[in-house]
Amino acid sequence: GENYLKIFNQLAENVKIQLEVEKLKWDLKKKYQELGDYVVQKKEQKSVSDFSQDTIYLQKTNEIIKLKFYIEERSKEKGKL
């Protein structure tokens, strides 16, 4: 009985993490879309092609990088259970 409960709890936690990861991937996809829209808008408006000093661009890319790292970490957690 106790072994089955332990296995069930591990399985439930894995499912919970997987659902969280899937939602995070959806959020990441939205962030990529927003970044793409922003870049195209800047290119159309001002022919901008250098974003190295653009704080909004840098903020959006940093959010993407952080989210990608977090998704990787959560995915690793699932494998440890």
Side-chain angles (χ1 to χ4, degrees):
E2 191 175 312
N3 246 359
Y4 289 116
L5 185 59
K6 183 177 178 184
I7 291 169
F8 177 78
N9 286 337
Q10 288 175 339
L11 184 61
E13 187 63 23
N14 273 339
V15 168
K16 185 174 131 189
I17 292 171
Q18 184 61 38
L19 289 172
E20 179 187 2
V21 166
E22 292 306 316
K23 184 196 177 301
L24 291 169
K25 286 180 180 179
W26 179 259
D27 293 344
L28 180 61
K29 187 176 178 181
K30 280 179 27 184
K31 288 189 181 296
Y32 273 120
Q33 181 68 47
E34 291 169 7
L35 177 62
D37 291 346
Y38 179 77
V39 168
V40 169
Q41 179 186 8
K42 288 293 181 183
K43 181 71 174 161
E44 286 175 345
Q45 289 175 352
K46 301 178 184 173
S47 278
V48 174
S49 59
D50 178 12
F51 291 90
S52 61
Q53 302 300 315
D54 186 324
T55 55
I56 294 172
Y57 173 84
L58 295 172
Q59 176 190 349
K60 288 180 180 295
T61 54
N62 283 336
E63 287 174 4
I64 287 171
I65 291 166
K66 286 179 193 172
L67 187 53
K68 283 178 69 174
F69 180 75
Y70 185 66
I71 289 170
E72 288 173 13
E73 291 302 305
R74 290 303 284 159
S75 294
K76 287 178 190 173
E77 286 296 314
K78 188 179 76 171
K80 290 179 182 176
L81 295 178

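We use all heavy atoms of the structure for the numbers below, so side chains are in, but hydrogens, waters and symmetry mates are not.
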Review point. What is the distance from atom CD of Glu34 to atom CD1 of Ile56, rounded to the nearest 0.5 Å?
Key: 12.0 Å

Exercise for review: Under the side chain to side chain contact (heavy atoms under 4.5 Å, CB included) rule, what do Glu13 and Ile17 come out as? Steps first, then yes or no, please.
Suggested key: CA-CA 6 Å; Glu13 187 63 23; Ile17 292 171; 4.0 Å; yes

Review point. Which atom names give the shortest non-hydrogen contact between Leu58 and Ser52, and what distance separates them?
Key: CD1-O, 3.6 Å

Review point. Hey, are the side chains of Leu35 and Lys31 touching, using non-hydrogen atoms and a 4.5 Å cut-off?
Key: no

Under 3.5 Å, which donor-acceptor pairs do the side chains of residues 36-46 form with other protein atoms, sequence neighbours left out?
| unit_1 | atom_1 | unit_2 | atom_2 | d |
| --- | --- | --- | --- | --- |
| Asp37 | OD1 | Gln33 | NE2 | 3.0 |
| Tyr38 | OH | Asp54 | OD1 | 2.9 |
| Tyr38 | OH | Asp54 | OD2 | 2.7 |

Check your understanding: Which value, rounded to the nearest 0.5 Å, describes the distance between Ile65 atom CD1 and Leu28 atom CG?
Key -> 11.0 Å

Study note, to complete from the structure: dist Leu11:CG -> Asn14:CG (nearest 0.5 Å) comes out at 6.5 Å

Review point. Sequence neighbours excluded, which residues qualify as salt bridge (charged side-chain N to carboxylate O under 4.0 Å, His left out) partners of Glu22?
Key: Lys25

Revision key, fill the gap. NZ of Lys16 to CG of Asn9, rounded to nearest 0.5 Å, is 11.0 Å

Exercise for review: With side chain to side chain contact (heavy atoms under 4.5 Å, CB included) as the test, would you mind laying out the steps for Tyr70 and Lys66 before giving the verdict?
Suggested key: CA-CA 6 Å; Tyr70 185 66; Lys66 286 179 193 172; over 6 Å; no

Review point. Are Ile71 and Tyr32 joined in one hydrophobic group, where the rule is that I, L, V, M, F, W and Y side chains link up if heavy atoms are under 4.5 Å apart?
Key: yes

Exercise for review: Give the minimum heavy-atom separation between Arg74 and Leu24, together with the two atoms involved.
Suggested key: CG-CD1, 4.5 Å

Review point. Does the pair Glu73 and Lys76 meet the rule for a salt bridge (charged side-chain N to carboxylate O under 4.0 Å, His left out), with working shown?
Key: CA-CA 5 Å; Glu73 291 302 305; Lys76 287 178 190 173; 3.5 Å; yes

